[in-house]
Amino acid sequence: MNKRLLSRAAFLVLSIGISLSAHAINRQALTTYAASLKGLKGASLKAALMPLLKPQQVLEYGSGQGHTWSGFYKTDRNTETNECYNRYSSKKFYFDPSNPYKAISGMNIEHSFPKSWWGGAKNNAYKDLYHLYPSDKDANSSKSNYPMDEVKNVTSEDEGYDKVGTGVHTGGKAWEPGDRFKGDFARTYMYMAVAYGDLTFSETGQQTMNNEDYPGLKPWASTLYIAWNKSDSVSTLELDRNNAIAAIEGNRNLFIDYPNLAEYVWGDSVDVAFDPYTSITTASDDNRYHSGVSPDEPGGDTEKYYFVAATTVTSGKQYLVVAKDGDTLYAMAPLGSSQKYGYPKADKVKEVSDTIRTTALTDAFTFTQNGSGYTIADATGRYLWHEGSFKTISVSTDASNAATWTLTANADGTFKILTDAVYYIQYSTKYTSYGCYNSEQGLMPMLYERVEKGGTPDAITAITSSKNTAGGRIFNLQGQYVGTDASVLPHGIYILNGRKIVVR
């Protein structure tokens with residue numbers, strides 16, 4: 001059975017060709033790759049996943065061309081600054097452009113899924129880029145080969161990154177990734193648990209894994225990792241890494257491609273047949289994951305809520321906080337239900353005919369007048385606030401803790417959302433998440449106000465006249481005619497045929 005599946009996987013890798021390049025994979029190519037999973041669930045789904053996840057080839061371990069560090073240069077490098085992405089600590093490291101495949105001083109190749117768990121044999125698992133990450137050597141040493149768990153009694157921590165302490169579920173030493181990387185590492189561990197579930201695990205490894213074909217992961221681990229998979233959604237950085245590794249190894253981490261897949265293997269859908277053709281994906285032409293469609297809503301017109309760009313804020317209204325990076329829009333998501341502070345993730349959204357449509361109000365924030373500013377509450381009623389010099393955003397159900405945020409509209413249609421006089425909300429293109437910074441660290445967001453279907457914000461509705469309904473004629477918000485060619489106008493908000501347009 002496994003040999004036939006392996007042959008099938010090898011054939012699919014060859015047949016979809018360019019789809020496994022570093023370019024984004026589309027839904028048709030992805031469903032072709034995963035077609036053999038249709039109709040499977042639970043143990044049978046896990047078994048069929050194994051040959052699809054195993055790499056067709058791996059780089060040699062270490063430094064130099066054709067080795068791990070040459071892979072990191074393609075998978076973990078900021079192409080503009082040559083910074084090497086470090087998910088374990090706040091320390092920054094850079095590739096040497098004159099010798100790009102050389103190991104970076106002060107960094108290690110980190111087996112996020114510890115090699116000692118299977119005895120350290122230098123097999124494909126030892127060399128598989130999907131769980132190898134460049135790491136600050138001190139952070140690598142601190143996390144040792146401990147299980148990945150929630151931790152208490154913290155003994156070491158780099159804010160926003162790793163912390164080491166006592167495992168909530170394992171009881172001994174454990175490490176916990178930063179909030180912005182919990183989903184990344186959860187999907188890595190689930191990949192390893194399936195792709196290399198045929199290894200024999202001993203000692204510390206058996207705190208997370210068992211040596212049975214199914215479930216493989218201990219129940220506490222699968223439950224926790226599925227929760228992290230939900231709370232920390234797949235980011236652009238993670239998608240790009242998945243595509244880059246696929247080009248090198250010829251396989252894909254399908255827990256990234258199909259964000260709900262884990263539910264069919266271990267979670268709430270183990271009794272439901274998985275269908276790669278209808279399941280939500282992160283493919284380049286599938287917007288359902290980031291627009292809030294739930295797993296049981298594979299199609300249909302489910303987009304019930306409408307948002308349009310606002311130039312002013314009305315107390316009591318709901319808004320999406322949206323940053324534009326290139327041609328892509330990212331809405332600020334709420335922190336996880338168990339989080340008291342962190343870096344809010346960004347959900348990819350699309351604007352069609354000047355409107356963002358969503359299936360849920362999960363990412364909507366209510367702005368309420370408070371003196372000269374506003375309080376901001378997420379969809380569950382938690383208020384946003386900021387503490388000290390931290391770059392994170394905090395939340396509280398206690399209204400007395402709510403920060404007062406002042407809003408300044410910028411000429412390009414964005415807003416400076418400021419608190420504590422100096423800290424303002426920005427979207428980090430590096431980490432694809434939101435934070436609160438006291439200097440320019442990323443992109444200031446726009447605000448999209450919730451309206452009735454086909455509606456426009458009050459501030460725009462009031463600007464109507466026979467002038468701005470003339471075909472092709474564009475007016476500014478003061479009613480002045482500015483021409484017919486939007487491409488030559490400064491960034492900002494204008495009126496065309498009685499409708500708001502945003503020039504960026």
Side-chain angles (χ1 to χ4, degrees), residues 233-236 239 259 280-294 297 299-314 316-334 344-367 374 376-380 384 407 409-410 412-415 417 425-427 429 432-434 442-461 463 477 486 491-504:
S233 59
V234 177
S235 67
T236 301
L239 285 175
I280 292 169
T281 76
T282 56
S284 60
D285 54 352
D286 187 350
N287 191 47
R288 294 173 298 166
Y289 177 57
H290 289 290
S291 64
V293 178
S294 64
E297 296 174 329
D301 184 14
T302 60
E303 296 173 327
K304 300 181 291 185
Y305 305 102
Y306 290 70
F307 297 83
V308 297
T311 56
T312 60
V313 171
T314 302
K317 292 273 191 175
Q318 290 178 301
Y319 295 86
L320 297 180
V321 179
V322 179
K324 187 174 191 291
D325 183 17
D327 294 327
T328 307
L329 299 177
Y330 294 97
M332 185 170 77
K345 297 299 293 184
D347 288 336
K348 190 183 296 184
V349 293
K350 287 186 178 180
E351 185 180 44
V352 178
S353 299
D354 302 326
T355 304
I356 293 175
R357 297 184 295 173
T358 68
T359 60
L361 293 173
T362 307
D363 292 350
F365 293 84
T366 301
F367 286 61
Y374 296 83
I376 303 175
D378 67 18
T380 65
L384 274 58
L407 277 62
N410 301 315
D412 63 356
T414 64
F415 282 83
I417 306 174
I425 295 175
Q426 298 174 60
Y427 169 75
T429 56
T432 60
S433 62
Y434 282 84
L443 303 173
M444 282 188 277
M446 300 170 287
L447 294 177
Y448 280 71
E449 182 180 305
R450 183 186 170 191
V451 298
E452 295 301 316
K453 184 174 181 179
T456 55
D458 295 341
I460 301 300
T461 304
I463 305 174
L477 296 184
H491 292 177
I493 299 176
Y494 299 83
I495 303 297
L496 172 64
N497 294 335
R499 290 177 60 88
K500 167 194 60 64
I501 63 170
V502 181
V503 176
R504 304 187 181 98

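Once rounded to the nearest 0.5 Å, the distance linking NZ of Lys348 with OG1 of Thr236 reads 5.0 Å. Atom CG in Asp347 sits 10.5 Å away from atom OG1 in Thr432 (nearest 0.5 Å).
In this structure the side chain of Tyr434 reaches within 4.5 angstrom of the side chain of Ile425, judged on heavy atoms. A 4.5 Å side-chain heavy-atom check between Asp363 and Leu320 finds at least one atom pair inside the cut-off. Residues Thr414 and Pro445 fail the side-chain proximity criterion, which asks for heavy atoms closer than 4.5 Å. Considering only heavy atoms from C-beta on, Met332 comes within 4.5 Å of Phe365 through its side chain.
Taking both residues in full, the closest heavy atoms of Lys345 and Ser235 are given as NZ-CB, 4.0 Å, listed atom of the first, atom of the second, then distance. Across all their heavy atoms, Ser233 and Ala346 have their closest contact at OG-O, 4.3 Å. Taking every heavy atom of both residues into account, Ile280 and Pro259 meet most closely at O-CD, 3.6 Å. Scanning both residues, Ala333 and Pro344, for their nearest heavy atoms gives O-CB, 3.2 Å. Considering every non-hydrogen atom in both Met446 and Gly413, the closest pair reads CG-O, 3.5 Å. Shown here for Phe415 and Ala310, the closest heavy-atom pair between the two residues is CE1-O, 3.4 Å.
For Asp378 (side chain) and Thr380 (main-chain N/O), a donor-acceptor pair under 3.5 Å exists by modelled atom type. In this structure a side-chain-to-backbone donor-acceptor pair under 3.5 Å is present from Gln426 to Gly442.
One side chain, Tyr448 or Glu351, offers a donor N or O that lies under 3.5 Å from an acceptor on the other.
Evaluated for a side-chain contact (heavy atoms from CB on, under 4.5 Å) with Arg450, the options Thr366, Ile356, Leu361, Thr358 yield exactly one hit, Leu361.
Partners of Thr429 by side-chain contact (heavy atoms from CB on, under 4.5 Å), not counting sequence neighbours, listed by chain and number: Asp325, Tyr427, Leu443. Looking at residues two or more places apart in sequence or on another chain, you find a ring pair (Phe, Tyr, Trp, His ring centres under 6.0 Å) between Tyr319 and Phe367.
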Apply the test side chain to side chain contact (heavy atoms under 4.5 Å, CB included) to residues Val321 and Leu447: give CA-CA distance (whole Å), side-chain angles for both, the deciding distance (0.1 Å), then the verdict.
CA-CA 5 Å; Val321 179; Leu447 294 177; 3.9 Å; yes
Side chain to side chain contact (heavy atoms under 4.5 Å, CB included) between Ile417 and Ile376, worked out:
CA-CA 10 Å; Ile417 306 174; Ile376 303 175; 3.9 Å; yes
